[in-house]
Amino acid sequence: MEEIVNNNAEEKKKSLNFIEVIVEEDLKEGVVDKIQTRFPPEPNGYLHIGHAKAICMDFGLAKKYGGICNLRFDDTNPVKEDVEYVDSIMEDIQWLGFDWKNVFYASDYFPQLWDFAIRLIEEGKAYVDEQSAEVIAQQKGTPTQAGINSPYRDRPVAENLDLFRKMNEGVFEEGSMVLRAKIDMASSNMHFRDPIIYRIIKHPHHRTGNTWNVYPMYDFAHGQCDYFEGVTHSLCTLEFVVHRPLYDWFIDQLKTGDYRPHQYEFNRLNLNYTVMSKRKLLQLVKEGLVRGWDDPRMPTVSGLRRRGYTPESVRNFIDKIGYTKFDGIVDVALLEHSVREDLNTRATRVSAVLDPVKLVITNYPEGKTEELEAQNNPEDVSAGNHMVQFSRELYIEQDDFMEDAPKKYFRLTPGQEVRLKHAYIIKCTGCKRDQEGKVVEVYAEYDPTTRSGMENSGRKVKGTIHWVSCADAIDAEVRVYDRLFMVEDTSEDKDRDFREMMNPDSLKVLKGCKIEPFLKTAKPFDNFQFQRLGYFNVDPDSTKDNLVFNRTVPLKDSWSKIKNK
Ligand code: ATP
Ligand code: MG
């Protein structure tokens, strides 16, 4: 019996990620009664799929363990930040299915951070340095060689206080001085070598206007904000491992009781064929290399949404990749697999012909039409059916016909039979070409006894093709996307700018596509499966007279193939 209990505990542990293990232990041992996390984006760009990973961790953990997660904007650099980004970040988090307890801004704490800086100066733990950024950097030393003390390091407290106040009053120019913590220029951790904690920035802040002329650095703001808010588990990505001792050092100076926040780090999400830094994404937008932050080719949350991704598909993807302590690169095919898997269960099946040619069924009576039943989703019987119109003249895909076809071509070619989806078996009898030799009409005869659902409908033919009735079809624009980058590894080096790796054919706009009239009432963001082609959704550019669809993903799943190799 005992052993079974242990096994269960082991099993349970295995299904937890390493941060959940830490949280469960902290709760069990009473280190904390309730957990508190935060998601701390800098409002200097739109969120990307990497942020979604952090969001699922921060909000997901609080939800799972009955704690609190706050949204905190890390707005310590007024030059790059904007309310447009604040708004988009909120929208994207909610779309992903999460909600915050409170919205905070690092700028809310500017007065407390200022007071703390004054305290450090008074305690002889901070000083104003008048050297340039370059000189300060040169004096830092290397990991194996100690740095050099600044000549201003032992400035008297009163002088430091006076200068720091004047820095904030706007007396000095940007770059002329900084406030540094006085720690240890010989520390083996480079972050301890008198880190800069305040710099002068004379730029209005999106929330505090012109109140401040000095702004705290990330390392000086982040942990302290965690402390002011009561964060218990401060989760971030692995590049902050080396910052953790400094995070703890500031908390040691600041804290008055037993409580302290703890920082834990997990691997960041990197995807092949994708760039994921906000700096680069901003460049793509600013230089017009994409149509905006929500361009469906962008790895942003808003881009994925516009592309037809569902919140569930993004969350499932994040679940699949998990959280570890080592960095790696995830195959973008896994992301595509997740959306395919999700849309398979929810997307209504419809017919759309992207590259149309007319098919005439010569033995079908002129003027006759039939209403045929089309199943909305074979994966979900409760989704029901809708009706499609059948008639003598249909549109089919150009490449579903071939006059001289190779042996294994199971579509339309003279003498061969195929089934028209939801309708009859037809036999191809030929085609008509224009002066340039282009096929303009395809001819076939139908077998009236083979309509889907009829007794004879069980007769097997090798191919099934989709179609829409010419008289009823409506025109649509379809945007077909491919990867934005041609190379797996998009990291830059001195000879290779990331923009040179872009795929020149990442967007194809198809006009004059023919879709079934059922789609007339489709609304922006509605998802569909275009039979045999892939998953598509309605783009917000769509109007009543010009329906626009995006291809979310084709049907073919390269991930399943990779996995089953
Ligand atoms: P970028 O490097 O793309 O500019 P960032 O880290 O500067 O991103 P922030 O707004 O500071 O962006 O990030 C907010 C939170 O999201 C941080 O906790 C950060 O660790 C996390 N995060 C950012 N990128 C990723 C990623 N690729 N994978 C996982 N988490 C990420
Ligand atoms: Mg950042």
Side-chain angles (χ1 to χ4, degrees), residues 17 19 37-62 69-77 79-82 84-90 92-93 96 98 100 103-107 206 216-219 221-223 225-226 229 231 233-244 247 261-286 293 298-304 314-315 317-330 332 334-335 490-492 498:
N17 64 51
I19 291 176
T37 60
R38 84 287 166 266
F39 174 63
E42 190 179 352
N44 61 352
Y46 280 59
L47 296 181
H48 52 59
I49 179 90
H51 292 115
K53 175 170 178 172
I55 288 170
C56 289
M57 170 56 90
D58 295 325
F59 288 95
L61 203 63
C69 181
N70 293 314
L71 170 59
R72 185 204 310 139
F73 288 104
D74 216 322
D75 55 348
T76 51
N77 184 354
V79 181
K80 293 200 220 149
E81 295 156 7
D82 200 278
E84 177 196 346
Y85 300 133
V86 169
D87 295 342
S88 74
I89 288 170
M90 292 190 184
D92 289 350
I93 295 171
L96 281 169
F98 297 105
W100 46 85
V103 180
F104 294 128
Y105 293 82
S107 55
H206 72 110
M217 300 296 287
Y218 172 90
D219 278 329
H222 200 89
C225 293
D226 285 345
E229 285 169 10
V231 168
H233 296 76
S234 180
L235 307 162
C236 58
T237 36
L238 287 170
E239 68 272 25
F240 291 101
V241 169
V242 287
H243 295 245
R244 194 192 328 131
Y247 177 105
H262 287 274
Q263 177 184 302
Y264 301 96
E265 310 85 9
F266 57 84
N267 61 329
R268 61 189 298 127
L269 169 61
N270 299 303
L271 283 174
N272 61 7
Y273 297 103
T274 308
V275 301
M276 198 96 89
S277 100
K278 272 189 280 190
R279 177 183 63 79
K280 291 180 187 167
L281 297 177
L282 178 66
Q283 234 171 323
L284 294 176
V285 173
K286 284 229 160 121
W293 283 100
M298 291 280 269
T300 50
V301 174
S302 51
L304 291 169
V314 176
R315 293 199 306 262
F317 166 71
I318 302 290
D319 254 7
K320 277 188 198 126
I321 57 173
Y323 297 86
T324 71
K325 290 190 212 180
F326 11 81
D327 277 318
I329 297 183
V330 174
V332 71
L334 181 59
L335 178 64
T490 59
S491 52
E492 287 181 312
F498 79 100

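Starting from 1, each residue takes its place in the sequence as its number. Read the numbers this way: they start at 1 and go in the same order the structure lists the ligands and their atoms. Owing to the predicted nature of the structure, the values given are computational and were not obtained by experimental measurement. Values below: all heavy atoms of this structure, side chains included; hydrogens, waters and symmetry mates excluded.
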Answer yes or no on whether Lys53 is positioned over the face of Tyr323, meaning its NZ or CZ is under 6.0 Å from the six-membered ring centre and within 45° of the axis.
yes
Check this for me - ligand 1, Thr237, N or O atoms closer than 3.5 angstrom, yes or no?
yes
What atoms of ligand 1 come closer than 4.0 angstrom to any heavy atom of Glu42?
9 (P), 10 (O)
According to salt bridge (Lys or Arg N to Asp or Glu O under 4.0 Å), who are the partners of Lys80, at least two apart in sequence or on a separate chain?
none
Using a 4.0 Å cut-off to any heavy atom of Ala54, which atoms of ligand 1 qualify?
16 (O), 21 (C), 30 (N)
Ignoring hydrogens and geometry beyond distance, is a side-chain donor-acceptor pair present between Tyr247 and Asp226 at under 3.5 Å?
yes
Residue pairs meeting salt bridge (Lys or Arg N to Asp or Glu O under 4.0 Å), one or both in residues 266-277, sequence neighbours left out, come to Glu239-Arg268
Closer than 4.0 Å to some heavy atom of Ser277 - which atoms of ligand 1 meet that?
3 (O)
Check this for me, if you would: do Arg244 and Glu265 make a salt bridge, where the nitrogen-to-carboxylate-oxygen distance has to be below 4.0 angstrom?
yes
For His48, state whether at least one heavy atom is located under 4.0 Å from any atom of ligand 1.
yes
Quick check: does Glu239 get an N/O under 3.5 Å from an N/O on ligand 1?
no
Under a 3.5 Å cutoff, is there a donor and acceptor pairing between the side chains of Tyr85 and Glu42?
no
Please determine, by modelled atom types, if Asp74 and His222 share a side-chain donor-acceptor pair under 3.5 angstrom.
yes
Could you check whether atom NZ of Lys325 has more than 12 heavy atoms from other residues, nucleotides or ligands sitting under 6.0 Å from it?
no
With respect to Met276, determine whether any N or O atom, backbone or side chain, lies less than 3.5 Å from an N or O atom of ligand 1.
yes
Under 3.5 Å between any N/O of Leu269 and any N/O of ligand 1: does that happen in this structure?
yes
Pull out every atom of ligand 1 sitting under 4.0 Å from any heavy atom of Phe39, numbered as shown with elements.
15 (C), 16 (O)
Have a look at Pro43, Pro40, Gly50 and point out the one with the heavy atom closest to atom 29 (C) of ligand 1.
Gly50
Measure the acute angle between the ring planes of Tyr264 and His233, then classify it against the limits of 30° and 60° as parallel, tilted or perpendicular.
parallel
Run down the list Lys53, His51, Arg72 and name the one with the heavy atom closest to atom 12 (O) of ligand 1.
His51
Sub-3.5 Å N/O-N/O distance, Arg279 and ligand 1:
no
Would one find an N or O of Lys278, backbone or side chain, under 3.5 Å from an N or O of ligand 1?
yes
